[in-house]
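Below is one structure, written out as structure tokens, with a few remarks after it.
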Amino acid sequence: MLRFRIAEIAIVLAGIVAIHSPVLAKQPNVIVILSDDQGWGDLSLNGNTNLRTPNIDSIAKDGARFDRFFVQPVCSPTRAEFLTGRWHPRGGVYGVSTGGERLDLDERTIADAFKAAGYATACFGKWHNGSQYPYHPNGRGFEEYYGFTSGHWGEYFDPPLDHNGKAVRGKGYITDDLTDHTIAFLTKSAAAGKPSFCYLALNTPHSPMQVPDKYWQRFEKANLKLTGNKKEDLEHTRAALAMCENIDDNVGRLLAAIKEQKLEQDTIVVYFHDNGPNGPRWNGGMKGNKGSTDEGGVRSPLLVRWPGKVKAGSIVKPIAGAIDLYPTLIDLAGVKRAGDKPFDGISMAKWLLGGSDAQPDRVLFNHWAGRTSARDQRFRLDAAGQLYDMIKDPNQTTNVAADHPDDVKRLTTAVERWRREVLGELPKGDGRPFTVGYSEFPRAVLPARDGVPHGGVKRSSGAPNCSFFTNWTKLEDSMTWEIDVRRAGTYEAILQYTSPQGSVGSEFELAIGKGKWTAAIREAHDPPLRGKEHDRVSRRGESYVKDFRAMSLGIVQVEAGKGTLTLRAKKIKGATIADIRAVELVLVTDPRK
Ligand SMILES: [Ca+2]
């Protein structure tokens, strides 16, 4: 009888293990921390004596650091390569704003892979690969999202943010808030017995240069060693380094939370940057900053910590890039990839786990604004066709093309082929309208960034990313958005606006095909611009922000399909009608249901 009972219990236990084995098999948590516009040189680890980053440095000391890891010269291309393991033009990414940052919907992401493997998945921070669902992170494998989807943001204190598609207000300084959310997510997933895949995309030290007093005070009067480059702006450097020390404190908090929860052995922590520094400041003497295809514009640290698996203090010498992260992390975690488009990247697991230090014969490409540069284990062929021996001359001072004609020829051929085959995948002109009307994600926000101003309407800043439309004064002025309505149905339109007292009574129309909303400005709402009071350095491209008010225009029937959404005035009171931050189209009913 007893024996029978034991056997029965054993069968039951075996069943539990079998059912839950993907979760109980101690699959490691994966936390990928990506900072924005932080240069390779912005870490004390890499020799910068102007700042201290002991927590970020500790990831390398307790794990591995890559000697030559390359990303793209600007934000969204690097992010797309991390997400797909493929060169960014293959995924339709060609710009950083007005839709060019979007990752094609037929690409599958690293988050899709981890989600399919039973992980809890989350992204916190700057997304910058498409705003409207299914381009939104919630459509790309991330169950949880908190941050902003745009390429930059105009205010870092208590900013307006997006939580799974809902408009919310952030709490405090943005990177502190994003880190709080990451820690809470890890804690919750661990309590639920689920491994986490978490992408913490911190948006600093990208401008605007805003940082809490505590960090600014460390740098405000500090005696910094400057580069000697006349273009180095001392105040900008002070603010950037202060922001980097804030990142470091947040990384420290995250590592402490991992330790406190005894998850160190079960958590892979990855740290890298999305491009070179956003201005000339100390960067190891390398040539080029953000936007450049030279070494200084594209070299990033890559730090990987996994105690017990990755040997502390190891240095990986072979060249590698953002395209390698997806193949590597699924390899380390034992997760199956999502999708079947060929990877351009390779798994770096063998270098991390100490199995090999072989340097594969490969060429990595850096591309931005029509310029392409190629890097192999020894040489960089720059965008002008000059060749540099990066081992003897890491700062690219001497063109050695004449001494190595075969290498010039080999790398030139590789660049020509990459441009033909990879850039060739980008269609001429962006044929992708902005997506609206998904039942599972009914609210589509169409910001000014994704619209086109006509007549006298202007953007509030040179850079569209967080701009609003202003100077709307005439009947012939309009704003348009090219959209694709997924489902016919009734839609509520919401206008995010500000309007001065004198404009009350102005009437306007929003139209898409036969669907028309007409409304009037019934209430003035004219708050001041925000953001300037927190800037440590005058901003250049980013718009200031305002607390826009949401006005419902009512519900009308809209047909499915592509079309132009147009906003224009019908009757004008006062000197100006309104400033417009965004139009929202919310699917209210779906006739299929
Ligand atoms: Ca960036």
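Computed over heavy atoms, backbone and side chain alike; hydrogens, waters and symmetry mates excluded. When a ligand or atom number is given, it counts from 1 through the structure's own listing order.
Note on Asp36: its N/O/S atom closest to the Ca ion (ligand 1) is OD1. Within Asp37, the N, O or S atom lying nearest to the Ca ion (ligand 1) carries the name OD1. Summary: OD2 is the N/O/S atom of Asp274 found nearest to the Ca ion (ligand 1).
Using a 4.5 Å heavy-atom cutoff, the side chains of Val363 and Leu411 are in contact.
Rounding to the nearest 0.5 Å gives a distance of 6.0 Å between CD of Gln72 and CH2 of Trp87.
There is a side-chain donor-acceptor pair under 3.5 Å between Asn465 and Ser150.
At a threshold of 3.0 Å, the Ca ion (ligand 1) has a backbone or side-chain N, O or S atom of Asn275 nearer than that distance. Residue His273 does not count as close to the Ca ion (ligand 1), with no N, O or S atom under 3.0 Å.
Between Pro28 and Ile268, the shortest heavy-atom contact is CG-CD1, 3.9 Å.
The pair Glu143-Lys115 does not meet the salt-bridge criterion, since no charged nitrogen lies less than 4.0 angstrom from a carboxylate oxygen.
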